[in-house]
Enquirer: 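Below is one structure. I have some questions about it.
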Amino acid sequence: MFYLLYLYYADVAQDYPLLNLVQYQTVRVALAMATAMIVAVAMGSRFISWMRQKQGKGQPIRDDGPVSHLSKVGTPTMGGLMILAGIAVAVFLWGDLTNPYIWIVSLVTAAFAVLGFIDDYAKVTKQTSAGLTSKQKLFWQVIVAVVAGVLTVLWMTVSPTSPGLETSIAFPFFKDVLLNVGWFYVAFAAFTIVGFSNAVNLTDGLDGLAIVPVMMASAAFGVIAYLTGNFVFSDYLGVHHVPGAGELAVFLAAIIGGGTGFLWYNAPPAKIFMGDTGSLALGGALGAVAVMTKHELVLGIVGGLFVLEAASVMIQVGYFKATKKRVFLMAPIHHHFEKMGWPESTVVIRFWIVSAMLALAGLATLKLR
């Protein structure tokens with residue numbers, strides 16, 4: 001059905017120059033960004049008031065956290081729904097719905113959003129900072145990520161990509177180095193998606209801390225997706241060509257637009273928190289895009305801030321279990337700096353700067369091959 005609508009639109013667009021512009025990816029990227037931002041901003045005030053009324057005391061605040069966080073008691077959560085609504089409208093209007101990659105990343109985003117919503121709902125109703133257990137979340141994340149990995153491999157198998165690319169891991173800084181791991185690649189893809197989803201979730205602890213780096217990573221991967229999907233540019237840069245991957249730039253632009261609209265209300269002091277509804281979904285989406293563009297390892301550079309946050313938690317937990325001592329004053333690491341006396345705004349802005357530098361470093365890998 002979507003294919004027939006697309007053909008009909010393409011035929012009509014020939015007679016109307018302005019409509020014909022919408023066939024260009026770059027134009028649809030800009031429109032998707034603007035649409036998602038408008039939707040998120042338009043939802044803002046009424047949605048926040050409604051969520052405050054429904055949630056009562058809002059998101060529970062950790063008792064062992066920085067004292068300054070106690071002032072945030074009563075702030076509603078699940079603000080990720082604003083971002084996701086913007087993404088959904090923008091992709092439906094401006095995305096090519098015949099593109100399998102759009103559907104796969106949408107599947108991951110929606111499934112992780114549902115999982116995050118259930119977790120947020122449990123926290124709000126029980127008034128505890130502990131929602132679903134880590135095992136419960138991990139189980140369903142892995143199921144969804146494995147399905148996404150299998151669908152990606154199957155589609156790449158029948159599409160005109162380089163032989164073996166669908167089950168291979170590409171390495172940054174090298175043009176022709178591919179490690180073909182066969183169907184074990186599905187496990188690697190699942191690890192990328194689940195790992196990055198949880199890394200973004202762990203980073204979401206201060207007002208504006210997670211959403212801006214997510215937008216920066218989305219911008220970097222929007223460029224990567226566009227270049228990867230374009231044969232001329234990918235051939236020139238020595239990047240493995242993935243036909244159809246360029247359409248993911250529209251989805252990523254929608255993340256930037258929706259994130260911008262959400263940031264309008266999440267800027268300090270936040271009127272609403274993203275919650276697991278947003279952080280799990282957005283992290284999973286970025287992980288899925290990295291898998292589909294064959295830039296999984298580059299995601300570790302572009303999203304290095306998220307990797308650092310997740311690593312700080314693993315180091316803290318592992319070291320404490322082994323020695324009953326702590327490496328950091330508090331984990332994730334952004335709380336460590338707060339405990340050191342850094343104001344929240346200082347931590348957030350400095351982490352934004354680090355994220356921007358890492359995003360640029362990730363983009364540099366496209367040319368240094």
Enquirer: Any heavy-atom pair between the side chains of I102 and V91 that's under 4.5 Å?
Expert: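 They are in side-chain contact.
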
Enquirer: Side-chain heavy atoms under 4.5 angstrom apart, residues restricted to Ile, Leu, Val, Met, Phe, Trp, Tyr: same cluster for W140 and F191?
Expert: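 No; tracing contacts between hydrophobic side chains, which count when under 4.5 Å, never links both residues.
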
Enquirer: Minimum heavy-atom separation for F328 to S312, with atom names?
Expert: CE1-O, 3.5 Å

Enquirer: Could you check whether any side-chain heavy atom of F306 comes within less than 4.5 Å of a side-chain heavy atom of P213, counting everything from C-beta outward?
Expert: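 The answer is yes, as the side chains (C-beta and beyond) meet within the 4.5 Å cut-off.
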
Enquirer: Would you say the side chains of T35 and W94 form a donor-acceptor pair under 3.5 Å?
Expert: yes

Enquirer: Does Q136 reach the main-chain N or O of T133 with its side chain, forming a donor-acceptor pair under 3.5 Å?
Expert: yes

Enquirer: So, are E166 and K294 salt-bridged, with charged N and O less than 4.0 Å apart?
Expert: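 Looking at E166 and K294, the cut-off is not met.
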
Enquirer: Should the ring pair Y226 and F233 be called parallel, tilted or perpendicular, given that the plane angle runs from 0 to 90° and is split at 30 and 60?
Expert: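 Judged by the thresholds at 30° and 60°, the geometry between Y226 and F233 is tilted.
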
Enquirer: Using the rule side-chain contact (heavy atoms from CB on, under 4.5 Å), only one of V289, I87, T152 pairs with V105; which is it?
Expert: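 Per the side-chain contact (heavy atoms from CB on, under 4.5 Å) rule, the option paired with V105 is V289, out of V289, I87, T152.
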
Enquirer: Taking C-beta and beyond as the side chain, do P76 and F273 meet within less than 4.5 Å on heavy atoms?
Expert: no

Enquirer: Would you say that P243 contacts F231 through its side chain, given a criterion of any heavy-atom pair below 4.5 Å between the two side chains?
Expert: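 SC-SC contact between P243 and F231 ruled out.
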
Enquirer: Could you give the distance from CG (L237) to CG (L366), rounded to the nearest 0.5 Å?
Expert: 6.0 Å

Enquirer: Return the orientation label for the F47 and W50 ring planes: parallel under 30°, perpendicular over 60°, tilted otherwise.
Expert: tilted

Enquirer: Could you list the residues that satisfy salt bridge (Lys or Arg N to Asp or Glu O under 4.0 Å) with K137, not counting sequence neighbours?
Expert: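 K137 satisfies salt bridge (Lys or Arg N to Asp or Glu O under 4.0 Å) with D119, D276 once adjacent residues are dropped.
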
Enquirer: With a 3.5 Å distance limit and no angle check, can you tell me whether N266 reaches the backbone of I272 through a side-chain donor-acceptor pair?
Expert: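 Looks like yes, one N/O pair under 3.5 Å.
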
Enquirer: With heavy-atom distances below 4.5 Å as the criterion, would you say the side chains of M274 and L282 are in contact?
Expert: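 Touching, per the 4.5 Å side-chain cut-off.
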
Enquirer: When you compare the side chain of I83 with that of T277, does any pair of heavy atoms fall below 4.5 Å?
Expert: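 No, side chains not in contact.
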
Enquirer: Are the side chains of F251 and T109 in touch, meaning some heavy atoms are under 4.5 Å apart?
Expert: yes

Enquirer: Kindly compute the distance separating CG (L299) from CZ (F196), expressed to the nearest 0.5 Å.
Expert: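 Nearest 0.5 Å value for the CG-CZ distance: 4.0 Å.
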
Enquirer: Does F351 share a hydrophobic cluster with L360, counting links as ILVMFWY side-chain heavy atoms below 4.5 Å and allowing steps through other members?
Expert: no

Enquirer: Please check: side-chain N/O of S279 versus main-chain N/O of G275, any donor-acceptor pairing under 3.5 Å?
Expert: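 At least one qualifying donor-acceptor pair exists.
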
Enquirer: Quick check: closest heavy atoms across M215 and I255, and the distance to 0.1 Å?
Expert: CG-O, 4.5 Å

Enquirer: Would you sort out whether N198 and Q141 count as a side chain to side chain donor-acceptor pair (under 3.5 Å), showing the intermediate values?
Expert: CA-CA 9 Å; N198 287 310; Q141 283 178 312; 3.2 Å; yes

Enquirer: Report yes if some heavy atom in the side chain of N99 is under 4.5 Å from a heavy atom in the side chain of W103; otherwise report no.
Expert: no

